[in-house]
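Each residue takes its place number in the sequence, starting with 1.
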Amino acid sequence: MGIAEVALHTMPGAGAFAGHSPASSLPLVADARGRRRKVNINSLPNSRALRGPARYSGLRSAVCQCQRLDDLARVTEGNGTWVKDAVDKASHALGDVSVPPGQAIGGNGSLNGSAVKSPPQRCKVSSVEDEGWELLRESMVYYCGSPVGTIAANDPNDANPMNYDQVFIRDFIPSGVAFLLKGEYEIVRNFILHTLQLQSWEKTMDCHSPGQGLMPASFKVRTIPLDGDEDATEEVLDPDFGEAAIGRVAPVDSGLWWIILLRAYGKCSGDLSVQERIDVQTGIKMILKLCLADGFDMFPTLLVTDGSCMIDRRMGIHGHPLEIQALFYSALLCAREMLTPEDGSADLIRALNNRLIALSFHIREYYWVDMQKLNEIYRYKTEEYSYDAVNKFNIYPDQISPWLVEWIPPKGGYFIGNLQPAHMDFRFFSLGNLWSIVSSLATTHQSHAILDLIESKWSDLVAEMPLKICYPALENQEWKIITGSDPKNTPWSYHNGGSWPTLLWQLTVASIKMNRPEIAAKAVEVAERRIAIDKWPEYYDTKRARFIGKQSRLYQTWSIAGYLVAKQLLDKPDAARILWNDEDAEILNALSTNRKRGKKVLKKTFIV
């Protein structure tokens with residue numbers, strides 16, 4: 001396919017000019033499930049359509065002539081600027097092709113029309129950042145000719161990618177933010193709208209269907225043959241809602257991240273038409289209703305199973321893990337900001353506001369530990385039966401581990417990982433604490449204290465590669481009981497104390513928000529020493545992150561994107577505002593009023 005043909009296929013409203021293309025005579029079919037059908041006219045021997053993304057959107061095994069999801073047919077009249085835009089997109093799609101004298105680009109994208117060769121070996125680039133952008137673009141996934149996401153890992157030497165060749169909702173967030181900050185909005189828009197379509201699909205496992213509003217953990221673009229026609233194929237989005245995942249756990253965080261990215265898209269691009277669409281508004285409400293549904297729990301925190309977030313294996317985080325609560329709080333604030341006022345939303349917004357106040361008070365009051373709070377817990381009385389009990393959750397002081405007594409710095413503090421009756425998980429979880437800063441779930445004092453702790457414990461949490469997913473690791477008998485002797489989550493590996501470079505971007509947003517960007521800059525400098533040399537691993541092992549993880553995938557996309565976002569934000573700190581939530585005055589007033597009123601005393605009791 002030459003530049004002119006690619007320009008035709010990549011320009012906005014290409015469907016309107018289909019008559020100019022040899023493929024224009026192909027039938028366009030859309031079935032009841034919204035799948036786009038297309039006909040195979042030039043099957044390319046080296047296409048990667050069945051395995052993952054094509055390197056270039058113009059070189060695919062079949063040509064899709066369907067209109068875009070939201071009918072983006074737009075042609076600028078008068079000055080012909082659409083031609084320039086189309087050619088620019090075509091040049092970007094084909095990359096920098098150097099053509100020797102006397103040779104021409106053939107109709108199928110190769111030189112002199114010969115068969116398309118395998119993508120060339122990656123060439124050296126001028127910097128770590130340049131290499132990161134090259135790799136991020138190579139990881140892009142296309143659906144019907146449009147970018148819709150990035151695969152989890154793109155290691156050319158990995159013969160068994162398992163599900164790492166899929167687009168994960170949580171993994172795409174740093175990629176989406178990187179593209180937004182780069183001014184490339186199309187891929188994020190497409191991702192938001194296509195994953196919204198998947199939300200309404202039927203989801204069953206062992207004859208049981210989860211609640212409406214659940215977002216998939218991941219999806220894959222598959223090219224499949226059409227029944228009755230061996231020359232015709234169609235592209236379909238194949239989602240996984242957890243029914244195929246290890247452990248069969250539904251992804252609670254997917255919908256929360258989707259709302260956060262939707263708000264970031266609007267604030268960065270200025271295009272509020274996406275969040276104002278009826279289907280998008282409905283999608284937001286479905287997620288909120290699923291999260292705000294009544295249950296048996298007495299706490300405002302979300303009750304989830306183990307493995308329902310970034311830590312997607314058994315790690316003892318079942319219950320009310322901090323990561324989910326921080327994302328939940330952030331998503332509630334983002335949703336309230338985007339919901340259009342209407343009579344049907346009044347009850348939902350009222351429930352949302354009540355939950356925000358209760359959740360904020362609960363986390364700030366009961367999850368926080370510093371030297372002073374730890375000393376209070378150490379002196380707790382137990383078995384208190386009263387409405388004004390100090391030890392409300394009946395925490396036994398012996399739960400305070402010896403490591404924590406020595407580890408907690410005199411200046412600094414953090415939110416514990418989990419809280420349940422008679423149980424406090426004192427492990428430090430990086431993502432939950434960082435996003436508590438970003439979302440303003442933490443107070444200003446608490447936010448600075450978390451960053452103080454990270455600086456104070458730099459050798460433990462950053463060491464030779466940022467950032468520990470949790471600290472400390474589960475070891476010995478504790479590891480056997482809590483993880484079930486998980487061979488992937490051995491001490492100081494993977495989720496059990498491993499170091500994850502993708503957490504750089506959350507650290508950067510939190511540091512910039514608190515006007516302490518030097519913390520993030522120092523961490524980025526540490527990462528730059530080896531992350532590209534090590535081929536962008538998924539995670540690092542050992543207590544000081546000295547080894548590449550024993551089962552770590554290389555060219556991990558969110559490791560690449562996390563680094564790129566950190567660099568972009570350090571260069572333009574004001575851009576971080578698209579991600580953080582300012583402290584809400586209404587919530588502050590409500591919390592202040594609640595403390596002044598004190599505890600309600602039951603004047604008279606009855607035995608029923």
Centroid-centroid under 6.0 Å between Tyr414 and Phe428 rings: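 Yes: the rings meet the under 6.0 Å criterion.
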[X] side chain vs [Y] backbone, donor-acceptor pair below 3.5 Å:
{"X": "Asn163", "Y": "Gln166", "answer": "no"}
{"X": "Ser308", "Y": "Val304", "answer": "no"}
{"X": "Asn418", "Y": "Ile317", "answer": "yes"}
{"X": "Gln199", "Y": "Thr195", "answer": "no"}
{"X": "Gln568", "Y": "Ala178", "answer": "yes"}
{"X": "Thr502", "Y": "Trp558", "answer": "yes"}
{"X": "Ser386", "Y": "Ala389", "answer": "yes"}
{"X": "Asn353", "Y": "Ile349", "answer": "yes"}
{"X": "Asn489", "Y": "His495", "answer": "yes"}
{"X": "Glu235", "Y": "Cys144", "answer": "yes"}

First locate atom [atom1] of [X], then atom [atom2] of [Y], and finally report the distance between them rounded to the nearest 0.5 Å.
{"X": "Cys334", "Y": "Ile284", "atom1": "SG", "atom2": "CD1", "answer": "9.5 Å"}
{"X": "Asn433", "Y": "Glu323", "atom1": "CG", "atom2": "CD", "answer": "11.0 Å"}
{"X": "Phe179", "Y": "Leu564", "atom1": "CZ", "atom2": "CG", "answer": "9.0 Å"}
{"X": "Ser436", "Y": "Arg364", "atom1": "OG", "atom2": "CZ", "answer": "10.0 Å"}
{"X": "Leu332", "Y": "Ile259", "atom1": "CG", "atom2": "CD1", "answer": "7.5 Å"}
{"X": "Ser360", "Y": "Arg355", "atom1": "OG", "atom2": "CZ", "answer": "13.0 Å"}

Which pair of heavy atoms, one from [X] and one from [Y], lies closest together, and at what distance?
{"X": "Ile437", "Y": "Ser447", "result": "CD1-O, 3.7 Å"}
{"X": "Trp505", "Y": "Pro174", "result": "NE1-CB, 3.7 Å"}
{"X": "Leu419", "Y": "Met424", "result": "CD1-CG, 3.7 Å"}
{"X": "Ala510", "Y": "Val438", "result": "N-CG2, 3.9 Å"}
{"X": "Ile416", "Y": "Asp425", "result": "CB-O, 3.2 Å"}
{"X": "Pro251", "Y": "Ala217", "result": "CG-N, 3.4 Å"}

Just wondering, do [Y] and [X] contact through their side chains at under 4.5 Å, heavy atoms?
{"X": "Trp257", "Y": "Ile260", "result": "yes"}
{"X": "Ile377", "Y": "Asn391", "result": "no"}
{"X": "Leu441", "Y": "Gln446", "result": "no"}
{"X": "Met310", "Y": "Trp500", "result": "yes"}
{"X": "Thr444", "Y": "Met514", "result": "yes"}
{"X": "Phe219", "Y": "Phe168", "result": "no"}
{"X": "Leu461", "Y": "Leu453", "result": "yes"}
{"X": "Asp584", "Y": "Leu356", "result": "no"}

Worked verdict on Ile311 versus Ile469 for side chain to side chain contact (heavy atoms under 4.5 Å, CB included): CA-CA 9 Å; Ile311 298 179; Ile469 190 170; 3.7 Å; yes
Is the shortest distance from a Lys or Arg side-chain nitrogen in [X] or [Y] to a carboxylate oxygen in the other one below 4.0 Å?
{"X": "Glu234", "Y": "Arg222", "answer": "no"}
{"X": "Glu342", "Y": "Lys285", "answer": "yes"}
{"X": "Lys267", "Y": "Glu337", "answer": "yes"}
{"X": "Asp486", "Y": "Arg314", "answer": "no"}
{"X": "Lys220", "Y": "Asp238", "answer": "no"}
{"X": "Arg350", "Y": "Asp347", "answer": "yes"}

Phe415 and Trp368 aromatic ring geometry - parallel, tilted or perpendicular at 30°/60° bounds: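 Correct class here is perpendicular.
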Qualifying ring-ring contact (aromatic ring centres under 6.0 Å, His included) pairs, either residue in residues 275-324, two or more places apart: Phe299-His320, Phe299-His362, Phe299-Phe393
Ignoring hydrogens and angles, state whether a donor on the side chain of [X] or [Y] is under 3.5 Å from an acceptor on the partner side chain.
{"X": "Asn496", "Y": "Tyr494", "answer": "no"}
{"X": "Tyr164", "Y": "Glu538", "answer": "yes"}
{"X": "Ser439", "Y": "Trp580", "answer": "no"}
{"X": "Ser330", "Y": "Trp435", "answer": "yes"}
{"X": "Tyr185", "Y": "Asp271", "answer": "no"}
{"X": "Ser440", "Y": "Glu583", "answer": "no"}
{"X": "Arg277", "Y": "Ser273", "answer": "no"}
{"X": "Thr340", "Y": "Gln281", "answer": "yes"}

Steps toward side chain to side chain contact (heavy atoms under 4.5 Å, CB included) verdict (Leu196, Ile192): CA-CA 6 Å; Leu196 178 66; Ile192 289 170; 5.7 Å; no
His445, NE2 atom: more than 12 neighbouring heavy atoms under 6.0 Å: no
Any residue meeting salt bridge (Lys or Arg N to Asp or Glu O under 4.0 Å) with Asp306, in chain and number order, not counting sequence neighbours: none
Thr557: partners by side-chain hydrogen bond (donor to acceptor under 3.5 Å, both in side chains), with sequence neighbours left out: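 With sequence neighbours excluded, Thr557 shows a side-chain hydrogen bond (donor to acceptor under 3.5 Å, both in side chains) to no residue whatsoever.
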Side chain to side chain contact (heavy atoms under 4.5 Å, CB included) between Gln197 and His194, worked out: CA-CA 5 Å; Gln197 277 191 319; His194 282 297; 3.5 Å; yes
Worked check of side chain to side chain contact (heavy atoms under 4.5 Å, CB included) between Met140 and Ile187: CA-CA 9 Å; Met140 291 169 67; Ile187 185 172; 3.9 Å; yes
